[in-house]
Amino acid sequence: MSIVVKSVCKALERIAPLRLAESWDKVGLIIESPVPRSDAKRVVLTIDLTTAVLEETLKVPTALVITYHPPLFQPITSLTLANPLQASLLKLSAAGTSVFCPHSSLDATWGGINDWLAEGVMGPQKATGKVDILGEVKGEAGGAGRIVTLDEPIPIEELVQRVKKHLLLSQVDVGRPLVQKSIKSVAICAGAGGSLLSGVDADVYFTGEMQHHEVLGAVARGRYVMLCGHTNTERGYLPILAKKLSDALSELVRDELPDGLSPEERIEIGKYQLDIHISEADRHPLDRM
């Protein structure tokens with residue numbers, strides 16, 4: 001394993017321990033290139049490994065792509081160029097680029113994606129309230145979702161404006177219950193939250209997407225549903241991840257810790273000026289027309 005890939009994997013474990021991932025998830029080092037390039041100093045952050053992101057990545061020597069969503073999710077029996085996603089992995093590996101996926105571990109960790117979404121619920125003025133774990137609590141490191149309880153109730157219109165500003169969106173989809181009410185509690189799940197949010201006692205379900213009948217069921221039970229688009233609830237976190245990764249790498253170089261790098265490895269990675277690059281080609285796959 002190249003020193004860049006090893007160092008970044010250790011840094012990511014500090015940011016979002018893989019033990020926090022859901023049991024069904026496919027996280028960690030997905031592809032390790034057998035031909036790492038010594039001149040590769042770039043680390044690319046993306047939500048999805050699309051063909052556009054592949055083409056962008058191949059233009060600059062890149063040691064590692066960190067793709068939030070797993071590029072391989074279902075079991076496979078072959079890796080061929082006939083499948084576009086498999087072809088992307090093969091081309092990256094041949095170019096000396098490895099691939100890492102944090103996915104649900106990054107949702108669950110404190111300071112991760114769901115906490116970033118909770119900040120949007122609190123609003124730019126940081127309304128007072130508390131944030132608790134929603135779902136399974138995984139030790140002190142975090143848990144699957146979040147539930148925000150506001151000290152003072154707000155109208156649904158205020159919450160929608162806060163979220164749109166936080167996610168830089170002009171529109172979101174809102175399901176309204178028959179009886180309108182003020183908002184005191186918001187259940188949060190990045191991406192697709194239907195299963196995690198089902199049956200949760202909260203005024204609003206805030207997520208990226210839910211199935212049609214999940215929305216109908218929630219609204220019938222008196223909940224508001226706010227859907228923002230799957231990747232729209234995730235992509236805005238990438239600049240925060242880039243900063244956290246830069247800081248964690250600096251700590252690895254500076255500090256001698258049991259779970260860190262050896263003295264020789266710290267000297268070696270210290271010679272690199274890594275370029276942590278947020279993909280410019282990565283985008284929400286759907287346009288509103």
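Lys184 has no carboxylate O lying under 4.0 Å from a charged side-chain N of Glu152, or vice versa, which leaves the two without a salt bridge. The pair Asp39-Lys41 fails the salt-bridge criterion, with no side-chain N (NZ, NE, NH1 or NH2) lying under 4.0 Å from an Asp/Glu carboxylate O. Here Glu265 does not pair with Lys271 in a salt bridge; the nearest charged N to carboxylate O distance is not below 4.0 Å. Ion pair Asp247/Arg14 not flagged as a salt bridge, since none of the NZ, NE, NH1 or NH2 atoms sits closer than 4.0 Å to an Asp/Glu carboxylate oxygen. Using a 4.0 Å cut-off between charged nitrogen and carboxylate oxygen, Arg146 and Asp115 count as a salt-bridge pair. Salt bridge present: Arg162 and Glu158 bring a charged side-chain N and a carboxylate O closer than 4.0 Å.
Rounded to the nearest 0.5 Å, atoms OG1 (Thr46) and CG (Leu49) are 7.0 Å apart.
Between Arg254 and Glu251, some side-chain heavy-atom pair lies under the 4.5 Å cut-off. Thr231 is listed as a side-chain neighbour of Asp48, based on a closest heavy-atom distance under 4.5 Å.
Side-chain atoms of Glu256 never come within 3.5 Å of backbone atoms of Pro263 as a donor-acceptor pair (strictly under, hydrogens ignored). A distance-only check finds no donor-acceptor pair linking the side chain of Ser104 to the backbone of Asp107 [under 3.5 Å]. A side-chain donor-acceptor contact under 3.5 Å links Ser105 to the backbone of Pro102.
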Between Ile188 and Tyr205, does the side chain to side chain contact (heavy atoms under 4.5 Å, CB included) criterion hold? Intermediate values first, please.
CA-CA 6 Å; Ile188 297 171; Tyr205 291 173; over 6 Å; no

Check step by step if side chain to side chain contact (heavy atoms under 4.5 Å, CB included) holds for Leu167 and Leu117.
CA-CA 9 Å; Leu167 301 184; Leu117 293 175; 3.9 Å; yes

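Scanning for salt bridge (charged side-chain N to carboxylate O under 4.0 Å, His left out) contacts around Lys181 gives Asp203, with sequence neighbours left out. Every side chain to side chain contact (heavy atoms under 4.5 Å, CB included) that Asp173 has, sequence neighbours left out, goes to Leu227, Arg288.
Checked options Val160, Val204, Val148; the residue passing with Ile183 is Val204 (criterion: side-chain contact (heavy atoms from CB on, under 4.5 Å)). Checking Thr62, Val4, Thr97 one by one against Arg42, the side-chain contact (heavy atoms from CB on, under 4.5 Å) holds for a single residue, Thr62.
Using cut-offs of 30° and 60° for the angle between ring planes, the His103 and Trp24 rings count as perpendicular.
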